[in-house]
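Note that the coordinates shown come from a computational prediction; the quantities given were computed from them, not determined experimentally.
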Amino acid sequence: MGSTLETSIVFSLVIIILCLIITGPEDLCVSAFNDCRSGFDEISLFIDDDRLISNEDIDGVTVTGCSPERFCTYASGLSDCYRLIYGSVYDMFGGEDDETHQEEE
């Protein structure tokens, strides 16, 4: 009878160890899959986003994105507008007189 009891204890321990070996990596794989899915959502947000600045909530984390192409276009447009206005004001208040004065000398 002792031999059967010892055998059942050993088999139970082996089954428990096998269950831990199987379920441990499964939890890691599921966690890794969820992390990959969150990463894919974040990357697709940055690729598909057409706004200058955006805030999105992905799995409880607030992600702030800035579209580099749109930001560069916005900054270039702002710079061009500044140059146009500054050049017009400069020409209006005697900028041309300085140029003609330099040509005469």
(request) Report whether Ile17 and Ile9 are members of the same hydrophobic cluster (ILVMFWY, side-chain heavy atoms less than 4.5 Å apart, transitive linking). (result) no
(message) For residues Leu28 and Leu20: do they belong to one hydrophobic cluster (side chain heavy atoms under 4.5 Å, members Ile, Leu, Val, Met, Phe, Trp, Tyr)?
(response) no
(request) State the CG-SG distance between Asn34 and Cys29, to the nearest 0.5 angstrom. (result) 11.5 Å
(message) To the closest 0.5 Å, what do you measure between OH (Tyr74) and CG (Leu78)?
(response) 5.5 Å
(request) Look up atom CD1 in Ile16 and atom CZ in Phe11, then write down how far apart they are to the nearest 0.5 Å. (result) 14.0 Å
(request) Give a yes or no answer on whether the side chain of Ser88 reaches the backbone of Leu84 with a donor-acceptor pair at less than 3.5 Å. (result) yes
